[in-house]
Protein chains: 2
Amino acid sequence: MPQHTTYRDIKADILRKITKGDWRPGASIPNEIELAASYGVARATVNRAMRELAEEGIIERKRKAGSKVRMSPLRRARFDIPLVRREIEDQGQAYRYALISSAVEPAPDWLRARLNLDAMTDVLHLVCMHFADGSPYQYEDRWINLALLAEAREADFSVQGPNEWLVAAVPFSDAEISFSAASADQSLANHLSCSPGDPLFQLERSTWWQDKAVTYVRLVYRPGHRMTTRY
Amino acid sequence: MPQHTTYRDIKADILRKITKGDWRPGASIPNEIELAASYGVARATVNRAMRELAEEGIIERKRKAGSKVRMSPLRRARFDIPLVRREIEDQGQAYRYALISSAVEPAPDWLRARLNLDAMTDVLHLVCMHFADGSPYQYEDRWINLALLAEAREADFSVQGPNEWLVAAVPFSDAEISFSAASADQSLANHLSCSPGDPLFQLERSTWWQDKAVTYVRLVYRPGHRMTTRY
DNA sequence: TAGTGGTCTAGACCACGAG
DNA sequence: TCGTGGTCTAGACCACTAC
């Protein structure tokens, strides 16, 4: 028997009322003062429960208008995207990394457009592979802005993946992620041990540090990869 | 000029210290009491700022051990997955829906395994299309558990998409979502106006209501679709 | 303009978990 | 064991916004 009613209890109770159908989509929920009184807690406690339900997309809140159960439940899926090494090791598999190629070149047009780079900016272009228990797991096509990260020229990417190097080199940054499907070309097929034309799941990420483009990466997973989450 | 320092100010200031490199990955952050004193606010205010940073994966907190900047920044991407209709209308395009086929049948083995259904459970199998400005946008392969939702037998899915019907029929539910890549077979190619073998982005969702399986759906997007988010 | 959520305070007690 | 974060309280003022 809990001494106090916690905000978790309240959150669970409200969620139960919604899942049971007591409060249907679109319905109004009593205001914080009433809820606080009925649960016998301070308003701040109710506030936290309700605030979290709103963050999770279950309810909608507006000053003066009050709180309502969302009409069309917005599905807010959250994905944790760890370093590949972590992802593989967390599955209990052995991680291996290999550098395929490395070259300094002027940024191609598509990259300049994507990262908003000046003409004539040099970039470091790396191609790498990540293996799980010896099998190809992920193909990495990495582009690093040398105007911002000149140190990358000297870094040794034959032993350490660019991702891990970047984490140490750039403290924190803004990013844009997108998921899509791609077709395996001959090169991808070779690297990922699949057939040309196979559908592959890919993740692209552009990263900025204080409004300056740091890096763009395209990560292509082996065939059949799924990114899953519960909520 | 704000009268008080808000938890947002504090959050931004701490984030700035991290992005600027003052506090590097792995570094310890002063405890809440010290921060409250240095910002001249109550501990609860600092607590909220820190709690949100922890939720976003920027820092790690442990009782007694204190707060630290995360070693390997966990990328926590959040995607809002609205109803297709919303998705299309929000892009300023005209939405159109079409029912392709509808049939009641015993749940196939793969579905029974996925949703943990009893043998001999009947399911409603629907195939539908969603169009944006007249072009194929999304293919929907929907399976509904009739043991739980017998009303679905009588519903008219020729005018309303099953998603919208379900939202009204089942108040709220737990779900598992996964993203992956698939290859267009002849049927998909016809429906999505693409070529067989084209790589397609697909979303699968299994839904439960009070531990009972409600529905499984496979949503296949037109070629080139991307799911994007910033953080 | 009045009602509702948003936020801050100052203080308190508690639970986890590192040392 | 005891420092640190986790949470609650009772009260207050404020900012939005529907009416």
Side-chain angles (χ1 to χ4, degrees), chain A residues 1-18 23-71 73-74 76, chain B residues 1-18 23-71 73-74 76:
Chain A
M1 186 84 162
Q3 282 68 344
H4 303 288
T5 305
T6 71
Y7 78 93
R8 288 171 192 280
D9 297 331
I10 295 172
K11 201 174 148 184
D13 188 64
I14 292 175
L15 196 48
R16 195 174 45 73
K17 285 198 169 82
I18 296 175
W23 293 343
R24 317 224 98 218
S28 286
I29 295 171
N31 70 33
E32 296 191 350
I33 310 236
E34 291 173 39
L35 287 174
S38 72
Y39 286 113
V41 301
R43 182 166 77 96
T45 305
V46 170
N47 179 272
R48 178 152 183 201
M50 300 284 280
R51 180 157 33 84
E52 293 197 358
L53 287 170
E55 268 168 21
E56 290 163 25
I58 314 294
I59 67 174
E60 280 177 313
R61 319 192 74 195
K62 267 187 201 159
R63 283 161 151 131
K64 168 78 178 180
S67 304
K68 298 192 192 331
V69 180
R70 279 197 93 96
M71 262 308 194
L74 181 62
R76 193 159 285 170
Chain B
M1 185 86 162
Q3 281 67 343
H4 302 288
T5 305
T6 71
Y7 79 93
R8 288 170 192 278
D9 297 330
I10 295 173
K11 201 174 150 185
D13 188 64
I14 292 174
L15 196 48
R16 195 175 45 73
K17 286 198 168 81
I18 296 174
W23 292 343
R24 318 224 94 217
S28 285
I29 295 172
N31 70 33
E32 296 191 349
I33 310 244
E34 291 173 39
L35 287 174
S38 72
Y39 286 113
V41 301
R43 182 165 79 95
T45 306
V46 170
N47 179 274
R48 176 150 183 204
M50 300 285 279
R51 180 158 33 84
E52 293 197 357
L53 287 171
E55 267 169 20
E56 290 164 23
I58 315 292
I59 67 175
E60 281 177 312
R61 320 192 74 196
K62 269 185 198 160
R63 282 157 149 134
K64 167 78 178 182
S67 304
K68 297 191 193 334
V69 180
R70 277 196 93 97
M71 264 306 191
L74 182 62
R76 196 159 283 170

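Proteins get letters first, then strands, A, B, ... in listed order; numbering begins at 1 in each.
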Discussion item. Pair B:D9, B:Y39 - check side chain to side chain donor-acceptor pair (under 3.5 Å), show working.
Written reply: CA-CA 10 Å; B:D9 297 330; B:Y39 286 113; over 6 Å; no
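- Separating the CG atom in A:D13 from the OG1 atom in A:T5 is a distance of 9.5 Å, to the nearest 0.5 Å.
- Side-chain N/O atoms of A:R8 include one lying less than 4.0 angstrom from OP1 or OP2 on D:dT7.
- Of the residues near DNA chain D, A:G40 and A:K64, the one whose nearest nucleotide (by heavy atom distance) lies more toward the 5' end is A:G40.
- In this model, the phosphate group of C:dT9 is approached by a side-chain N or O of B:T45 to a distance below 4.0 Å at OP1 or OP2.
- Among the nucleotides D:dG5, D:dT7, C:dT7, the one closest to the side chain of A:R51 is C:dT7.
- Spacing between atom CG of B:N47 and atom C1' of D:dG3 amounts to 15 Å, rounded to whole angstrom units.
- Each of C:dT9, D:dT7, D:dA12 was ranked by its minimum atom distance to the side chain of B:V41; first place goes to C:dT9.
- For the pair B:R63 CZ and C:dG19 C1', the interatomic distance rounds to 17 Å; values are reported in whole Å.
- Distances from the side chain of A:Y7 to the nucleotides D:dC8, C:dT7, C:dA15 place D:dC8 closest.
- Comparing atom distances between the B:E32 side chain and each of C:dG5, C:dA10, D:dG6 picks out D:dG6 as nearest.
- Summarising the geometry, the separation between CZ on A:R61 and P on C:dT7 is reported as 10 Å, rounded to the nearest angstrom.
- Contacts of A:R48 with the nucleic acid, taken as non-hydrogen atoms under 4.0 Å apart, involve only primed sugar atoms and P, OP1 or OP2.
- Put simply, CD on B:E55 is 10 Å from P on D:dT7, counting in whole angstrom units.
- Distances from the side chain of A:R43 to the nucleotides C:dG5, D:dG6, D:dC8 place C:dG5 closest.
- Checked against C:dT9, D:dT4, D:dT9, the side chain of B:A42 finds its nearest nucleotide in C:dT9.
- What separates CD1 of B:I14 from P of D:dG5 is a distance of 11 Å, to the nearest Å.
- With rounding to the nearest 0.5 Å, the separation of CD1 in B:I10 from CG in B:L35 is 8.0 Å.
- Both B:I29 and B:A44 lie close to DNA chain D; mapped to their nearest nucleotides by heavy-atom distance, the more 5′-ward contact belongs to B:I29.
- Atom pair A:I33:CD1 and D:dA10:P shows a separation of 13 Å (rounding to whole Å applied).
- The distance from atom CG of B:L35 to atom P of C:dC8 is 15 Å, rounded to the nearest whole Å.
- In this structure, A:R24 and A:V69 approach most closely via the heavy-atom pair O-CB, 3.5 Å.
- For B:S67, a side-chain nitrogen or oxygen approaches OP1 or OP2 of D:dG5 to under 4.0 Å.
- Nucleotide D:dC8 holds its P atom 8 Å from the CG atom of A:D9, rounded to whole Å.
- When atom types are taken as modelled, the side chain of A:R76 and the backbone of A:E55 share a donor-acceptor pair closer than 3.5 angstrom.
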